[in-house]
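One structure is given here, and the rest of the page talks about it.
Letters A, B, ... are given to chains in the order of the sequence lines, protein chains preceding strands, and every chain is numbered from 1. In this text the structure is predicted, and so the values were computed from the model without any measurement.
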Amino acid sequence: MPSWLVKSEPNTYSYDDLVRDGRTVWDGVRNNAAALHLKAMSEGDEVLFYHSQDGLAVVGVARVARSAYPDASDPQGRFVAVDLVPVRALPRPVTLAQIKNEPALAGMAMVRQSRLSVSPVTDAERAVIAAMAGE
DNA sequence: GCCAACGTTGGC
DNA sequence: GCCAACGTTGGC
């Protein structure tokens, strides 16, 4: 089963906010490459939750509770949203610096294309991050 | 259909 | 605050 990574600025919506809400609509993605990844998500897929700008670390795991459907916040109706639920916070957040220093993660999509807000994570990468996080 | 100008994201 | 990366827009 593939997994994914989404970015969020914690000032706007943090992993703690997701835990508090219990479920959220992941909408507002307005980038084609990111939207393709959203569409490829299946219900039940794991999603790593990354804090950009302030934090710069993967801090938790979420799960896709509803696969892609039209994004109600997009007046043109071109983009999609998914629903996410929290699974657990990582015992130890995995920082961007750690990711960049780990050769096994050098090929991660989020590293290679830093502005991509939704990206795929391979099973191998997922396993490395799990180990680094003390999961 | 090309490409310069411009806007946005996100790390540093 | 700066700048690199990259997507989008608009003139031609």
Look at the side-chain N and O atoms of A:Gln113 and state whether any lies under 4.0 Å from the OP1 or OP2 oxygen of C:dG7. yes
Could you tell me which non-hydrogen atom of A:Ser42 sits nearest to which non-hydrogen atom of A:Val64, and how far apart they are? O-CB, 3.4 Å
Whole angstroms only, please: what is the CZ-P distance between A:Arg115 and B:dC12? 15 Å
Salt-bridge present (A:Arg126, A:Asp123; N to O < 4.0 Å): no
Taking the ring of A:Trp4 and the ring of A:Tyr50, is the distance between their centroids below 6.0 Å? no
At less than 4.0 Å, is any side-chain N or O atom of A:Lys100 found next to OP1 or OP2 of B:dC12? Yes or no. yes
Value in whole Å for how far the P atom of B:dT9 lies from CG of A:Leu116: 13 Å
From CZ of A:Arg78 across to P of C:dG7 the rounded distance in Å is 15 Å
Rounded to whole Å, the NZ-C1' distance (A:Lys7 to C:dC6) equals 12 Å
Given B:dT9, is OP1 or OP2 found less than 4.0 Å from the side-chain N or O atoms of A:Tyr50? no
Quickly work out the A:Met110 CE to C:dC6 C1' distance and round it to whole Å. 16 Å
Rounding to a whole Å, what distance do you find between A:Leu36:CG and C:dG7:P? 12 Å
Tell me: CG of A:Leu56 to P of B:dT9, nearest whole Å? 16 Å
Atom CG of A:Asn32 and atom P of C:dA5: how far apart are they, to the nearest Å? 22 Å
Is there a salt bridge (Lys or Arg N to Asp or Glu O under 4.0 Å) between A:Arg63 and A:Asp45? Walk through the geometry before answering. CA-CA 6 Å; A:Arg63 191 172 296 283; A:Asp45 284 357; over 6 Å; no
